[in-house]
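Contents: one structure, followed by commentary.
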Amino acid sequence: MNERARHWQYDELPGVDLLRARYVQKTFVRHTHENFVIAAIADGVEVFHHGGGDQYAGAGALALVNPDTPHTGRAGVPEGWRYGAVYPPADVVAEIAAETTTLRGTPGFVSPVMDDPYAVGLVHQVLRAADEGNALAADTLLRVAVTRLLRLNGGPMPRREVRTAGARIAARARGVLEERMARPPTLERLAADLGTSPFALLRAFRDTYGMPPHAWLTDARVRRARRLLDTGTTPSEAAVTVGFTDQPHLNRHFSRMVGVPPGAYQRERKNVQDLG
């Protein structure tokens, strides 16, 4: 059974990433998204590590991940899984929540898996409408789907306030890694510069961001590479700019986090711009 995936955007849904894929051997390493993940499983089973345990989403279920939440992804059955996904930005979800729900604060999803064949159908209809260039249908169906999911499985996301000394050190470490993404320090040097020990920093960073500094850095590099690709930077240039050794190095990590290689990702983005 062949794997295939298309990751694209539709101009009439600004900032919303769209994905349609079938994966069998694909394994997504621990990563995050800036946007919400609303993945509608058409057949098969996806397993993803989220919140300290494995979650299982089968046909008729949705995998729901809030922004900046570490998670993985892999097949839960030998035949893999087929799904369609929409990735709406946090401000779009907040706008929909304010208009159509009673949720207060920053809205998010409470449970990472929700069995709802009707909502699964709505997500696939959004993708179909985008394919057909039906802006009114795509926008309407996306709003209906998000409203339904928030009403059935929505709640205020906890505020991420930096309270503990460990969390403050982790935030400072993150700032250093963002500034020195292409040439990061060693864990020992980073810890020394922040006045702590390597293992104390490792523990604090993992507790605060859900992954160790090196994994967080790879995730951040892929995020920044996506933004560069969106502005027309070539994959080879993007790779070096964000600190990967070469394009194959970027390709490997990009595919394991985004689901498609950077070249295919950029071609779809270029097609959208050319149509505009």
Side-chain angles (χ1 to χ4, degrees), residues 3-7 17-39 41 44-57 62-78 80-85 87 109 112-113 170 173-174 177-178 181-182 184 186-187 190 201-203 205-230 235 238-266:
E3 295 194 329
R4 59 185 183 277
R6 181 186 178 210
H7 194 295
D17 285 325
L18 307 170
L19 176 70
R20 192 182 279 124
R22 172 183 285 284
Y23 295 126
V24 181
Q25 302 294 331
K26 168 73 73 179
T27 298
F28 287 89
V29 297
R30 185 171 289 265
H31 65 287
T32 64
H33 295 274
E34 291 174 281
N35 293 0
F36 281 88
V37 179
I38 301 174
I41 313 299
V45 178
E46 180 187 13
V47 184
F48 61 107
H49 194 82
H50 176 287
D54 279 345
Q55 308 291 334
Y56 292 78
L62 300 107
L64 304 169
V65 183
N66 295 324
D68 299 315
T69 302
H71 60 287
T72 63
R74 68 181 193 276
V77 290
W81 79 105
R82 180 171 64 86
Y83 71 117
Y87 302 80
F109 299 124
V113 175
R174 173 176 166 161
L177 294 176
E178 284 177 334
M181 188 172 285
T186 63
L187 180 66
L190 182 58
L201 175 58
L202 182 61
R203 188 165 56 248
F205 202 98
R206 191 185 287 132
D207 288 346
T208 304
Y209 297 113
M211 58 180 89
H214 69 277
W216 181 91
L217 179 62
T218 301
D219 186 47
R221 283 171 165 170
V222 168
R223 280 194 186 195
R224 189 170 293 181
R226 283 183 64 173
R227 288 195 285 272
L228 290 170
L229 294 170
D230 286 345
V240 174
T241 300
V242 303
F244 288 120
T245 51
D246 52 25
Q247 188 177 334
H249 194 196
L250 169 64
N251 289 359
R252 186 166 67 254
H253 290 294
F254 199 96
S255 296
R256 293 168 72 195
M257 292 180 180
V258 181
V260 295
Y265 172 91
Q266 188 174 55

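As the structure is a prediction and not an experimental result, all values here were calculated from the model.
Remark: H33 NE2 to D219 CG distance equals 8.5 Å, nearest 0.5 Å. M211 CE to W216 CH2: the interatomic distance, rounded to the nearest 0.5 Å, is 9.5 Å. Atoms CG and CG, from L228 and L250 in turn, are 10.0 Å apart once rounded to the nearest 0.5 Å. Separating the CD1 atom in I38 from the CZ atom in F109 is a distance of 4.0 Å, to the nearest 0.5 Å. Rounded to the nearest 0.5 angstrom, D54 CG and R74 CZ are separated by 4.5 Å.
A donor atom on one side chain and an acceptor atom on the other are not found under 3.5 Å apart for R224 and T241.
The shortest side-chain heavy-atom distance between V222 and F254 falls under the 4.5 Å cut-off. Contact annotation: the side chain of H214 never approaches that of T218 to less than 4.5 Å [non-hydrogen atoms, C-beta and beyond]. When side chains are defined from C-beta on, L19 counts as touching Y83, because their heavy atoms get closer than 4.5 Å. Within the 4.5 Å cutoff, the side chain of Q55 has no heavy atoms near those of the L64 side chain. L18 has its side chain out of reach of Y87: every pair of non-hydrogen atoms, C-beta onward, lies at least 4.5 Å apart. Taking the side chain as every heavy atom from C-beta outward, V37 and T69 never approach each other to under 4.5 Å. Contact of the H50 side chain with the V65 side chain is registered, since non-hydrogen atoms from C-beta on lie closer than 4.5 Å.
E34 has a carboxylate O that lies under 4.0 Å from a charged side-chain N of R227, or vice versa, which qualifies the two as a salt bridge.
Counting all heavy atoms, side chain and backbone alike, L187 lies closest to P213 at CD1-CG, 4.3 Å. Of all the heavy atoms in Y56 and V113, the pair that sits closest is O-CG1, 3.5 Å. Shown here for A173 and L201, the closest heavy-atom pair between the two residues is CB-CD1, 3.8 Å. Across A75 and G80, no two heavy atoms sit closer than the pair CB-CA, 3.6 Å. The shortest non-hydrogen separation linking N66 to F36 is OD1-CE2, 3.2 Å. Counting all heavy atoms, side chain and backbone alike, A85 lies closest to A39 at CB-CA, 3.9 Å.
In this structure a side-chain-to-backbone donor-acceptor pair under 3.5 Å is missing from Q247 to P235. When atom types are taken as modelled, the side chain of E3 and the backbone of K26 share a donor-acceptor pair closer than 3.5 angstrom.
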Go through the steps for R226 and D17 under the test side-chain contact (heavy atoms from CB on, under 4.5 Å), then give the verdict.
CA-CA 12 Å; R226 283 183 64 173; D17 285 325; 2.5 Å; yes
Show your working on ring-ring contact (aromatic ring centres under 6.0 Å, His included) between F48 and F28 and close with a plain yes or no.
CA-CA 9 Å; F48 61 107; F28 287 89; over 10 Å; no
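With sequence neighbours excluded, no residue forms a salt bridge (Lys or Arg N to Asp or Glu O under 4.0 Å) with R30. Applying the ring-ring contact (aromatic ring centres under 6.0 Å, His included) criterion to H249, with sequence neighbours excluded, gives F244, H253. By the side chain to side chain contact (heavy atoms under 4.5 Å, CB included) test, P248 pairs with D246, sequence neighbours left out. R6 pairs by the salt bridge (Lys or Arg N to Asp or Glu O under 4.0 Å) definition with D131, E268, not counting sequence neighbours. Applying the salt bridge (Lys or Arg N to Asp or Glu O under 4.0 Å) rule to R82 yields the partners D43; only residues at least two apart in sequence or on another chain are considered. Residues that satisfy the side chain to side chain contact (heavy atoms under 4.5 Å, CB included) test with V29, not counting sequence neighbours, are R256, M257.
In this structure, H49 has its ring center no closer than 6.0 Å to that of H71.
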